[in-house]
Amino acid sequence: VEENLKNPNSSYYLGKTYENKLDFKTENPDEERYARLTDYKDRYYSYLYTALYLKQIETSWKKAGFTISEKIGVLATLYNIGFTKSVPKENPSIGGAKIDIGTTSYSFGGLADEFYKSGELLQTFPRN
């Protein structure tokens, strides 16, 4: 995520506006990154990294001619499986890690898709 913010040649590049969103304040980026992502009292960076990752994936697919911004299950799947498995194509599949809940098996992306479509949190997070 960090590298793609700075690399204009990356298909995941979001533009100059985003280049410095994750700049480090210390001389030890590994330690600072770890602290950012494991601070259970402040989830800011956990959310920011996730949002930037999803925006980078969306951007890459859009540049390749495929819009996935409304395909929640696909976005969740790509979040789960990572950059290296993100291959823009016309009919992407929903999948990812298997999650067993009771006697039912779901995929990571499938469960995210079902939850989104359920409207369970619409009062808290209204859709535009």
Side-chain angles (χ1 to χ4, degrees):
V1 172
E2 295 158 0
E3 290 174 18
N4 290 322
L5 290 177
K6 305 251 185 217
N7 181 0
N9 297 316
S10 169
S11 67
Y12 303 105
Y13 181 69
L14 300 177
K16 286 219 173 278
T17 305
Y18 291 88
E19 282 186 7
N20 302 106
K21 292 288 184 196
L22 295 175
D23 284 358
F24 295 102
K25 296 169 180 52
T26 68
E27 296 298 318
N28 190 337
D30 290 340
E31 188 175 297
E32 188 174 346
R33 182 183 306 107
Y34 181 81
R36 285 176 172 182
L37 295 173
T38 59
D39 185 348
Y40 70 92
K41 293 181 182 178
D42 183 359
R43 304 259 195 277
Y44 174 79
Y45 280 106
S46 291
Y47 297 144
L48 182 59
Y49 273 88
T50 301
L52 289 169
Y53 172 84
L54 290 170
K55 188 162 183 67
Q56 288 174 345
I57 290 289
E58 251 186 308
T59 297
S60 174
W61 280 62
K62 189 174 183 180
K63 287 177 183 177
F66 305 103
T67 303
I68 58 170
S69 59
E70 299 295 321
K71 296 182 179 187
I72 304 308
V74 172
L75 285 166
T77 299
L78 294 170
Y79 175 76
N80 184 236
I81 64 175
F83 281 116
T84 60
K85 301 244 172 117
S86 176
V87 180
K89 56 187 160 228
E90 190 171 344
N91 295 307
S93 300
I94 293 174
K98 180 181 166 193
I99 300 170
D100 293 323
I101 301 174
T103 58
T104 305
S105 289
Y106 299 88
S107 66
F108 186 93
L111 188 59
D113 194 60
E114 282 190 41
F115 183 75
Y116 179 79
K117 288 176 180 172
S118 77
E120 187 75 25
L121 290 176
L122 273 177
Q123 286 188 302
T124 307
F125 301 105
R127 298 177 189 150
N128 293 333

Q | Heavy atoms from other residues, nucleotides or ligands near CD of Glu31 exceed 12 (cutoff 6.0 Å) | A | no
Q.
On a heavy-atom basis, which atom in Asn4 and which in Ser10 lie closest, and how many Å separate them?
A. OD1-OG, 2.9 Å
Q. Are Leu111 and Leu121 linked, directly or through other ILVMFWY residues, by side chains that come within less than 4.5 angstrom of each other?
A. no
(Q) Would you say NZ of Lys85 has more than 12 non-hydrogen atoms from neighbouring residues, nucleotides or ligands within 6.0 angstrom? (A) no
Q) Can you find a heavy atom in the side chain of Gln56 that is under 4.5 Å from one in the side chain of Tyr13? A) no
Q | Heavy-atom neighbours of Tyr34 OH exceed 12 at 6.0 Å | A | no
Q | Qualifying residues under ring-ring contact (aromatic ring centres under 6.0 Å, His included), relative to Tyr53, sequence neighbours excluded | A | Tyr79, Phe83
Q | Distance, nearest 0.5 Å, that separates CD1 of Ile81 from CZ of Phe108 | A | 11.0 Å
Q) When rounded to the nearest 0.5 angstrom, what is the spacing between CD1 in Ile99 and CG in Asn80? A) 7.0 Å
Q) Is Lys63 atom NZ crowded by more than 12 heavy atoms from other residues, nucleotides or ligands, each under 6.0 Å away? A) yes
Q: Quick one: closest heavy-atom pair of Ser105 and Lys98, and the distance?
A: OG-CE, 3.2 Å
Q. Does any donor atom in the side chain of Tyr12 or Glu3 lie under 3.5 Å from an acceptor atom in the other side chain?
A. no
**Q.** Arg33 charged N/C atom sitting above Tyr49 aromatic ring, 6.0 Å / 45°
**A.** no
Q) Which pair of non-hydrogen atoms, one from Trp61 and one from Pro92, has the smallest distance, and what is that distance? A) CH2-CB, 3.6 Å
Q. Between CG of Leu14 and NZ of Lys55, what distance do you get to the nearest 0.5 Å?
A. 6.5 Å
Q) Between Glu58 and Ser69, which heavy-atom pair has the shortest distance, and what is it? A) OE2-CB, 2.5 Å
Q) With sequence neighbours excluded, what pairs up with Lys25 under the side-chain contact (heavy atoms from CB on, under 4.5 Å) test? A) Glu32, Tyr45
Q: Side-chain contact test, heavy atoms from C-beta onward, threshold under 4.5 Å: evaluate it for Asp23 versus Lys6 and give yes or no.
A: yes
**Q.** Flag if over 12 foreign heavy atoms under 6.0 Å of CD, Glu120
**A.** no
Q: May I ask whether Phe125 and Phe115 are part of the same hydrophobic cluster, defined by side-chain heavy atoms of I, L, V, M, F, W, Y residues being less than 4.5 angstrom apart, directly or through others?
A: yes
Q: Give, for atom OG1 of Thr38 and atom CZ of Arg43, the distance between the pair rounded to the nearest 0.5 Å.
A: 10.0 Å
Q) Atom CZ in Phe66, atom CG in Asn91: separation rounded to 0.5 Å? A) 9.0 Å
Q | Pairwise side-chain contact, Lys71 with Ile94, heavy-atom cut-off 4.5 Å (strictly under) | A | no
Q.
Using a 3.5 Å distance criterion without hydrogens, assess whether the side chain of Arg36 forms a donor-acceptor pair with backbone atoms of Leu22.
A. yes
Q. Does any non-hydrogen side-chain atom of Ile57 lie less than 4.5 Å from one of Ile68?
A. yes
Q. What is the minimum heavy-atom distance between Ala76 and Ala112, and which atoms define it?
A. CB-CB, 3.4 Å
Q) Can you tell me how far the CG atom of Leu75 sits from the CG atom of Leu54, to the nearest 0.5 Å? A) 6.0 Å
